[in-house]
Number of protein chains: 2
Amino acid sequence: MSKTPPKRSRPTDVLADLRDAILDGSLGPGKPLRQDKLAASLGVSKIPVREALLRLVAEGLVSVEANRGFAVTRLESEEADEILDIRAVLECRAVLLAVPHMSDATIAEATQILDEAELTTSIDRWGELNWAFHALLYEPANRPKLNQLIRQISNQTERYIRVLITNSDYRSTAEREHRTILAACALRNEEAASALLAQHIRQTGDLIARFLDEQAVRNSQQSEG
Amino acid sequence: MSKTPPKRSRPTDVLADLRDAILDGSLGPGKPLRQDKLAASLGVSKIPVREALLRLVAEGLVSVEANRGFAVTRLESEEADEILDIRAVLECRAVLLAVPHMSDATIAEATQILDEAELTTSIDRWGELNWAFHALLYEPANRPKLNQLIRQISNQTERYIRVLITNSDYRSTAEREHRTILAACALRNEEAASALLAQHIRQTGDLIARFLDEQAVRNSQQSEG
DNA sequence: AACCACATTATCGTATACTATCTTCATTCC
DNA sequence: GGAATGAAGATAGTATACGATAATGTGGTT
């Protein structure tokens, strides 16, 4: 973590700070999260740090073992598969409900998001736009709890999707798939949109699982060498 | 809460104690949860109480407003609808994956659970068996995260299902539907099982929503009278 | 030299105490 | 008489301090 600059964050921001650091990869998988250190670097005491960490545990971003402390959750490939399968089911439901209520303005906005995503060179920005696109597709469903749940589940794989963006041709594939999904939405064909979305998400899951497996092999080779 | 007897609970149990009290209705919807009171009655300080409450917030059982405290979550009928719809989607997926791996022993165990449920006179026991039946159907899917998520979402409506059991012929309807679902599983027909399960859950959602609406009417009449 | 007992250190977890915020109610002013 | 003001009490939220637990290191024994 290299001595975070003393950003005197208001206690309200402790949770957001930690979550962002995990999602953008500054705190990598498996990284132990020492309460005292975090408290010092955030300029608060342990109590609000612990509370933030417990919330992150509930979100699945952090793991905890009694009396042994917190650490950034490390995903196995099977778990990634499972999470992406859940995402597929939930997001298909959301888009199925959303498409009939989707306005032309929403379609136009989604198109703009895709346009910008195909132009940007920033990984962070692409990640943001990726989420913005997905979220926009589900919003007309008007299901706050469903959307909140989708967000929470998605966060658990966000880090790994960022890795995919850098490490493969995932990005162009995703962009193509996004276009076809949006085309189905524009035709108000929710069945097609849902099917395409499921395929898109499940394929992402396969790629993440493959990446995690390769990483595991690299790690074991390293520790043997 | 009527002065809980000083059950000197180990701090580890604080969370479970509170959750049980909410699920079984001892702490009704909207009930304010005062940290000092809870701490005193559980024999610990505020810190572990706050941590337990924050976890319950993450589970959706408790709501929190900054500087105004915690309270047992109060469901609107639209939210109940939404949650049951999510349940339907997730549990259908689970049963779809589980049925092909379902052993005859599992079918037999499920039958036993339904037998006992039809005989018991205890609401609590029926509620337990209801959950045990559902959980058993999904376990062969071997998807820990999915099952955990189903459990968490189900908890949010558990209280209201208990009310249904007492207040209507829900119980016999549910028992009949459980039998047909199990029959489909026994034939290893996962599509049928999934469709029947969806119908079962969505109907439960309708009944909960209706109950909540009637309750809202009663409350407003009461406050007007 | 390998293994166990014990001391030492680091870290977690929580009780206590204090501050900040909100609520309530009495008082004052218009 | 009603609204504005402010003091007092209640509750939330957090810093500090301390005890508990796990990890680590050291000395002694076989």
Side-chain angles (χ1 to χ4, degrees), chain A residues 1-4 6-19 21-22 27-74 223, chain B residues 1-19 21-22 26-74 223:
Chain A
M1 206 188 1
S2 76
K3 279 285 177 250
T4 314
K7 48 162 144 177
R8 72 264 160 308
S9 67
R10 294 277 140 266
T12 329
D13 302 328
V14 172
L15 177 66
D17 284 354
L18 286 175
R19 183 168 27 222
I22 294 170
L27 297 172
K31 175 90 181 174
L33 299 167
R34 301 297 169 203
Q35 301 171 17
D36 292 333
K37 302 268 176 64
L38 290 175
S41 72
L42 294 169
V44 296
S45 81
K46 288 197 309 186
I47 308 275
V49 170
R50 282 181 61 82
E51 298 198 346
L53 288 172
L54 285 168
R55 285 181 189 245
L56 292 172
V57 169
E59 293 180 20
L61 291 176
V62 165
S63 306
V64 59
E65 207 174 339
N67 282 319
R68 307 237 351 223
F70 299 82
V72 179
T73 298
R74 187 196 302 278
S223 62
Chain B
M1 209 189 356
S2 76
K3 278 286 178 252
T4 314
K7 46 163 150 177
R8 75 273 167 296
S9 66
R10 292 278 139 266
T12 329
D13 302 328
V14 171
L15 177 66
D17 284 355
L18 286 175
R19 183 169 27 223
I22 294 171
S26 332
L27 297 172
K31 174 90 182 175
L33 300 166
R34 303 295 170 203
Q35 302 171 16
D36 291 333
K37 302 269 176 63
L38 290 175
S41 72
L42 293 170
V44 296
S45 80
K46 288 198 308 186
I47 309 273
V49 170
R50 281 183 60 83
E51 297 198 346
L53 288 172
L54 286 168
R55 286 180 190 245
L56 292 171
V57 170
E59 292 179 20
L61 292 176
V62 166
S63 307
V64 60
E65 206 173 341
N67 282 320
R68 308 240 349 224
F70 300 82
V72 179
T73 298
R74 187 195 302 277
S223 61

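The sequence lines fix the lettering, A, B, ..., with proteins before strands; numbering per chain opens at 1. Hydrogens, waters and symmetry mates play no part in the numbers below; they use all other heavy atoms, side chains included.
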**Q** Rounded to whole Å, how long is the line connecting atom NZ of A/Lys46 with atom C1' of C/dT14?
**A** 9 Å
**Q** Suppose the criterion is side-chain hydrogen bond (donor to acceptor under 3.5 Å, both in side chains): which pairs have a residue in residues 53-64 of chain A, not counting sequence neighbours?
**A** A/Arg19-A/Glu59, A/Ser63-A/Thr73
**Q** Is A/Leu33 touching bases, backbone alone, or none of the nucleic acid, heavy atoms closer than 4.0 Å?
**A** sugar-phosphate
**Q** Please confirm whether the shortest side-chain N or O distance from A/Gln35 to OP1 or OP2 of C/dG13 is below 4.0 Å.
**A** yes
**Q** Could you walk me through whether B/Leu42 and B/Val14 pass side chain to side chain contact (heavy atoms under 4.5 Å, CB included), step by step?
**A** CA-CA 7 Å; B/Leu42 293 170; B/Val14 171; 3.8 Å; yes
**Q** Rounded to whole angstroms, how far apart are CD1 on B/Ile47 and C1' on D/dA20?
**A** 16 Å
**Q** Collect all protein-nucleotide pairs involving nucleotides 8-10 of chain C in which both atoms are nitrogen or oxygen and the distance is under 3.5 Å.
**A**
none

**Q** Would you indicate whether the side-chain heavy atoms of B/Val49 and B/Leu38 approach each other to under 4.5 Å?
**A** yes
**Q** In this structure, how many angstroms lie between the P atom of D/dT14 and the CG atom of A/Leu15, rounded?
**A** 12 Å
**Q** Can you see which heavy atom on B/Gly30 is nearest to which on B/Ala71, and at what distance?
**A** O-CB, 4.0 Å
**Q** Counting only side-chain nitrogens and oxygens, does A/Arg50 get under 4.0 Å of the OP1 or OP2 atom of C/dC12?
**A** no
**Q** Tell me: CZ of A/Arg55 to C1' of D/dG13, nearest whole Å?
**A** 12 Å
**Q** Could you tell me the separation between the CG atom of B/Asp17 and the CD1 atom of B/Ile22, rounded to the nearest 0.5 Å?
**A** 11.0 Å
**Q** Please pick, from D/dT14, C/dT11, D/dT11, the nucleotide with the shortest atom-to-atom distance to any side-chain atom of A/Glu51.
**A** D/dT14
**Q** Does A/Pro29 have any side chain to side chain contact (heavy atoms under 4.5 Å, CB included) partners at least two apart in sequence or in another chain, and if so, which?
**A** A/Arg74, A/Arg159, A/Tyr160
**Q** Please work out which residues in residues 61-69 of chain A have a non-hydrogen atom less than 4.0 Å from an atom of DNA chain C and list them by number.
**A** A/Ala66, A/Asn67, A/Gly69
**Q** Whole angstrom is fine here: how far is it from NZ in A/Lys37 over to C1' in C/dC12?
**A** 13 Å
**Q** I'd like to check the side chain to side chain contact (heavy atoms under 4.5 Å, CB included) partners of A/Gln35; sequence neighbours left out, ordered by chain and number.
**A** A/Lys46, A/Arg50, A/Leu53, A/Phe70
**Q** With sequence neighbours excluded, what pairs up with B/Ala58 under the side chain to side chain contact (heavy atoms under 4.5 Å, CB included) test?
**A** A/Ala58
**Q** B/Asp36 has an atom CG; how far is it from atom P of C/dC18, in whole Å?
**A** 15 Å
**Q** How many angstroms lie between CG in A/Leu27 and CG in A/Leu56, if you round to the nearest 0.5 Å?
**A** 10.0 Å
